[in-house]
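Treat the numbers as computed from the prediction; the structure is a model and nothing was measured. Chain naming here is simple, since letters A, B, ... match the order of the sequence lines and numbering starts at 1 in each.
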There are 2 protein chains.
Amino acid sequence: MISNISCSTCIIKSSAAKALSPEQLNELGNNCVQIDFKKGDVIFKEGTFSVNITYLREGVVKLHTEGKASQILKITKGPKYLGIPTTFEEKINHYSATALEDSHICFIHTNIFKSFIEENKKFAYEIIVELCNSELELFQKCVNRTKNNVYGRLAHALLFFQEKIYESNSFHLPLSREELGNFINITRESVSRVLTELDTDKIIKIKGKQIEILNADALRKLSAV
Amino acid sequence: MISNISCSTCIIKSSAAKALSPEQLNELGNNCVQIDFKKGDVIFKEGTFSVNITYLREGVVKLHTEGKASQILKITKGPKYLGIPTTFEEKINHYSATALEDSHICFIHTNIFKSFIEENKKFAYEIIVELCNSELELFQKCVNRTKNNVYGRLAHALLFFQEKIYESNSFHLPLSREELGNFINITRESVSRVLTELDTDKIIKIKGKQIEILNADALRKLSAV
DNA sequence: ATTAACAAATGATACAAATCACATTTTATG
DNA sequence: CATAAAATGTGATTTGTATCATTTGTTAAT
């Protein structure tokens with residue numbers, strides 16, 4: 001579903017877009033289209049041409065590689081730009097993006113995005129800040145994934161969904177056991193085993209994909225590097 | 001050793017610095033100091049205040065975490081900015097940087113760096129390009145480290161030094177076996193074992209830290225995800 | 001409702017890599 | 001140059017997690 005949008009009146013602006021002038025916002029609106037994606041929909045695909053900057057206005061999205069042993073590189077919640085690195089100087093997407101929850105995404109012409117960087121210092125500055133934070137998070141993830149065992153990695157992932165995505169002790173996991181495994185690099189079977197064990201120990205309560213965190217401190221202890 | 005420098009006449013400019021005007025280069029020279037580091041010297045340390053952007057003009061540097069089980073996040077060669085993410089909006093360094101080869105590093109006042117981003121569109125643009133490439137590389141590394149076994153990871157590391165750092169089939173490894181292990185997340189013992197095996201198979205030739213790549217294709221095959 | 005198709009749980013087994021223990025070589029130090 | 005200290009090599013053993021095999025539960029389709 002495609003919507004005509006007015007960026008000027010949009011209330012979910014990125015920190016960068018907040019820096020745009022009324023004229024620039026108008027220009028953005030004319031070079032930008034919002035598309036609604038349902039849970040599971042592919043937003044862009046590894047190997048295809050990348051012609052737009054994608055702005056995740058609202059929703060939850062995973063960035064992932066393709067292939068049988070797909071790996072989830074990142075899970076992120078709006079508002080946030082998706083995959084600037086894969087679009088900016090690259091012609092081809094280096095990874096795919098798929099909606100984990102119903103999402104609203106604005107596709108912005110790369111050229112207009114680049115022109116904003118050149119014309120608006122604050123805009124460029126905010127984009128740089130976002131890229132910097134993204135790299136720091138990625139380092140964090142790298143350390144966690146290599147220093148922790150399956151318990152620590154799973155605990156880390158659960159805390160991530162609790163704190164960063166749903167901001168609630170109780171949430172519906174948007175991933176299958178297999179996908180959760182691809183996120184933290186363990187097998188589907190091990191995910192099952194560890195989840196039941198955490199449930200038995202009353203650290204979490206599981207009912208299918210519904211998860212309740214009962215003892216966040218225990219999870220923090222487990223995921224401590 | 002501290003040198004007075006003239007950024008105007010510097011011939012090892014970053015792509016971003018190439019975009020600066022003569023006046024800006026002059027200003028940069030006045031707000032920037034070049035320091036020479038010897039192999040092994042600490043450039044900045046995790047947990048300390050970050051007050052400068054560090055530009056690795058020449059040399060090879062590792063970014064790494066501290067602690068007994070230190071992890072090498074990234075190894076990079078000049079010319080390149082080091083750790084913009086850890087300096088930009090952050091007050092505290094999230095990781096350390098240590099010279100792996102004698103290196104020349106320019107410490108640039110964060111404020112002047114930020115002012116260039118605001119005043120010079122091309123400068124900001126180039127910084128964004130560098131950050132984007134950095135993130136893509138990091139994703140690559142993540143995939144390699146989790147999808148490959150010890151042979152693949154070690155092969156990948158050897159090709160990295162050959163292609164990206166020394167651009168030669170023969171090079172002096174700037175890391176101990178233990179550090180190499182910290183780079184690709186395997187133990188010192190396994191590094192030894194795999195290296196001798198690769199030597200036995202005539203894929204590489206080792207003599208202490210001196211390494212010669214005899215069969216790069218075999219390494220490529222091993223490191224293919 | 002009933003069957004099919006898929007996702008998840010669970011137990012048994014296999015295996016890669018870590019750990020442990022010690023020998024050997026290399027590098028640093030008085 | 002001798003000695004200590006550190007780095008590296010290598011075999012034996014242990015261990016965490018993947019893999020395999022099967023059962024159980026859940027969702028979708030007729």
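Scanning DNA chain D for stems, defined as runs of 3 or more consecutive Watson-Crick or G-U wobble pairs whose donor-acceptor distances all fall under 3.5 Å, gives the following ranges: C:1-30 with D:1-30.
The distance between atom CD of B:Q210 and atom P of C:dT27, rounded to the nearest whole Å, is 12 Å. Rounding to whole angstrom units, CD1 of residue A:I211 and C1' of C:dA8 are separated by 13 Å. The CZ atom of B:R188 sits 11 Å away from the C1' atom of D:dA6 (whole-angstrom rounding). Rounded to whole Å, atom P of C:dA8 lies 10 Å from atom CG of A:L175. Nucleotide C:dC6 holds its C1' atom 14 Å from the CD atom of A:E179, rounded to whole Å. One interatomic measurement links the two molecules: NZ of B:K39 to P of C:dT27, which rounds to 12 Å at whole-angstrom precision. Atom P of nucleotide D:dT14 and atom CD of B:E189 are separated by 16 Å, given to the nearest angstrom. Note: CZ (B:R145) to P (C:dA17) measures 14 Å, nearest angstrom.
Side-chain contact of B:K205 with B:S170: a donor-acceptor pair under 3.5 Å is absent, judged by distance alone.
Looking at heavy atoms from C-beta onward, B:T76 lies out of side-chain contact with B:Y81 at the 4.5 angstrom threshold.
Using a 4.0 Å heavy-atom cutoff across all strands shown, A:S176 reaches sugar-phosphate atoms only and no base atom. Among the atoms of the strands shown, only primed sugar atoms or phosphate atoms (P, OP1, OP2) are found under 4.0 Å from some heavy atom of B:K209.
Using a cut-off of 4.0 Å between Lys/Arg side-chain N and Asp/Glu carboxylate O, B:K62 and B:E179 are scored as salt-bridged. In this structure, B:D102 does not pair ionically with B:K39, as no charged nitrogen and carboxylate oxygen lie closer than 4.0 Å. Ion pair B:E137/B:K164 not flagged as a salt bridge, since none of the NZ, NE, NH1 or NH2 atoms sits closer than 4.0 Å to an Asp/Glu carboxylate oxygen. For A:E58 and A:K80, the salt-bridge test fails: no basic side-chain N is under 4.0 Å from an acidic carboxylate O. Remark: A:K38 does not engage A:E101 in a salt bridge, criterion side-chain N to carboxylate O under 4.0 Å.
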Enumerate all atom pairs, one protein N or O and one N or O from nucleotides 16-18 of chain D, separated by less than 3.5 Å.
unit_1 : atom_1 : unit_2 : atom_2 : d
D:dT17 : OP1    : A:V150 : N      : 3.1
D:dA18 : OP2    : A:T187 : OG1    : 3.1
D:dA18 : OP2    : A:S190 : OG     : 2.6

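A sub-4.0 Å separation between OP1 or OP2 of C:dA9 and a side-chain N or O of A:R177 is present.
Side-chain rings of A:F107 and A:Y55 stay apart, their centers remaining 6.0 Å or farther from each other.
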Review point. Going through the checks in order, is the side chain to side chain donor-acceptor pair (under 3.5 Å) test met by B:E130 and B:S15?
Key: CA-CA 9 Å; B:E130 190 161 326; B:S15 352; 5.1 Å; no
